[in-house]
There are 2 protein chains.
Amino acid sequence: MGAETTRAHIVEAADRLFYHQGYGHTSFAAIAEAVHISRGNFYYHFKSKDDILRAVIVARLESRRRMLEQWEAEESDPAGRIRRFIEIVVTNRADIQSYGCPVGTLTTELAKLGHPALDEAGELFTLFRAWLREQFTQLGHPARADALAMHVLAFSQGVATLAHAFRDEDFIRREVRRMHDWLSAYSAGSEAAVPAAHEDGAQADA
Amino acid sequence: MGAETTRAHIVEAADRLFYHQGYGHTSFAAIAEAVHISRGNFYYHFKSKDDILRAVIVARLESRRRMLEQWEAEESDPAGRIRRFIEIVVTNRADIQSYGCPVGTLTTELAKLGHPALDEAGELFTLFRAWLREQFTQLGHPARADALAMHVLAFSQGVATLAHAFRDEDFIRREVRRMHDWLSAYSAGSEAAVPAAHEDGAQADA
DNA sequence: CACCGCGTAGGACGGCTGTCCTATTATTCC
DNA sequence: GGAATAATAGGACAGCCGTCCTACGCGGTG
């Protein structure tokens, strides 16, 4: 088997195990068993465990970039692209209920471990933040774009964390509906469509 | 020194270290060093590491219960009590930016570890959920109370996760302001004050 | 004073971890 | 077909982990 193939298999298995069990709790032996190679052979492809983590982060970054590019190819308007992002928590509800958000849980863990690769993991958040900011800018809210992007990110992290803790699918769908309603105020096309303060926030959610 | 005092010191140090470094990454040696006792002496007070974790969870539960009781003593109306909860992320912003939410990060970690004490940690979430549900019921929204409670929880988790990842205090304050505005639609006193769907969600956030 | 028990100290243990080293097999090229 | 290189296997190593055991000091009681 080619070295690149084996390397890809290692990254794939490590990606899944880091997501399911966490980085710190996933041993070399566990990855080796999943890929069906010996522990010693690891160091032919990677020089340390940190090295595998960085490869996993790079793989996730590329994966998410491809996802966002595909959305831009499929959705012509920025509002539709943002809605795609909002619906991630529904699309991936099974994994999220079992393991939480891959980005949020990894970043939190690396921060607590004081791991040097924390900044690289943070780029995953930055990627989404910048992309959402761009969508809101195209939607006609350049000044608020970054704050709105952060709000959408906070929504997805909050929903993922609680869906994980309570394993509640109805909750996910309720919050997604709420978020769609929230977005519709911004996607009406003109800045004037955005309601003034104290008129926001509530809808038929229960 | 009394056994109970030492036990309390251990729980206190473990609580802090579990929060700062995570449960799995905190060793017995680290706790022992923080309390200035020997490692071996641990097993006079606790019979395992799981035992310490459970004691920490119990301590956190009691701490949060006391906090909620104090709010009920200080705030006469349920809306004010909910606002107290919303402002936790501002009050504890320094710790949250450094270590995230103590409840959310612990629950997520224990879930990934497959730790048997996961359910006990989940009671921390359940405590807040039930308390918020009660406040929204008193506010006049009994049917929506649980969904609204979950929404407030999702807000706090989302804000905590992102504030931790980006260390952004302005973001916290923005989201808290947004949440206060959201709540004001429900705390006007009558059910009729709640806006209809598609009129919610936006305000001066940036 | 002698005694007893509570609280503590510190080392020993087996197991798992990441890392490294060397031997062995598979593949490719002349 | 033989030689050089790519890829893998598997054990050795030191270090840390949670756990356990035994011995020691100290304070109160008879």
Problem set entry | Over-ring placement of A/K112 relative to B/F18, 6.0 Å and 45° cut-offs | no

Exercise. To the nearest angstrom, how far is B/R7 atom CZ from C/dT8 atom P?
Worked result: 13 Å

For this session: Would you mind checking if A/R84 and A/E74 are paired as a salt bridge, meaning a charged N to carboxylate O distance below 4.0 Å?
Result: yes

Exercise. Within this structure, what is the OH-to-C1' distance between A/Y44 and C/dG18, rounded to whole angstrom?
Worked result: 21 Å

Exercise. Taking CZ from A/F42 and P from C/dT17, how many angstroms apart are they, rounded to a whole number?
Worked result: 12 Å

Exercise. In whole angstrom, what separates A/D51's CG from C/dC20's C1'?
Worked result: 15 Å

Exercise. Which ones in residues 24-41 of chain B lie close to DNA chain D, meaning a heavy atom under 4.0 Å from one of its atoms?
Worked result: B/T26, B/S27, B/F28, B/G40

For this session: Please determine, by modelled atom types, if B/E175 and A/H151 share a side-chain donor-acceptor pair under 3.5 angstrom.
Result: yes

Exercise. Is A/Y43 near enough to C/dT19 that one of its side-chain N or O atoms lies under 4.0 angstrom from OP1 or OP2?
Worked result: yes

Exercise. Do we get B/R129 above A/F166's six-membered ring, with its NZ or CZ under 6.0 Å from the centre and within 45° of the axis?
Worked result: yes

Exercise. Is the distance from OP1 or OP2 of D/dA7 to the nearest side-chain N or O of A/T6 less than 4.0 Å?
Worked result: no

For this session: For residues 44-84 of chain A, pull every pair meeting ring pair (Phe, Tyr, Trp, His ring centres under 6.0 Å), keeping only residues two or more places apart or in separate chains.
Result: A/W71-A/W131

Exercise. In whole Å, what is the span from the NZ atom of A/K49 to the C1' atom of C/dC20?
Worked result: 17 Å

Exercise. Can A/H180 and A/E87 be counted as having a side-chain donor-acceptor contact under 3.5 angstrom?
Worked result: yes

Exercise. OH of B/Y23 versus C1' of D/dG18: gap in Å, rounded?
Worked result: 10 Å

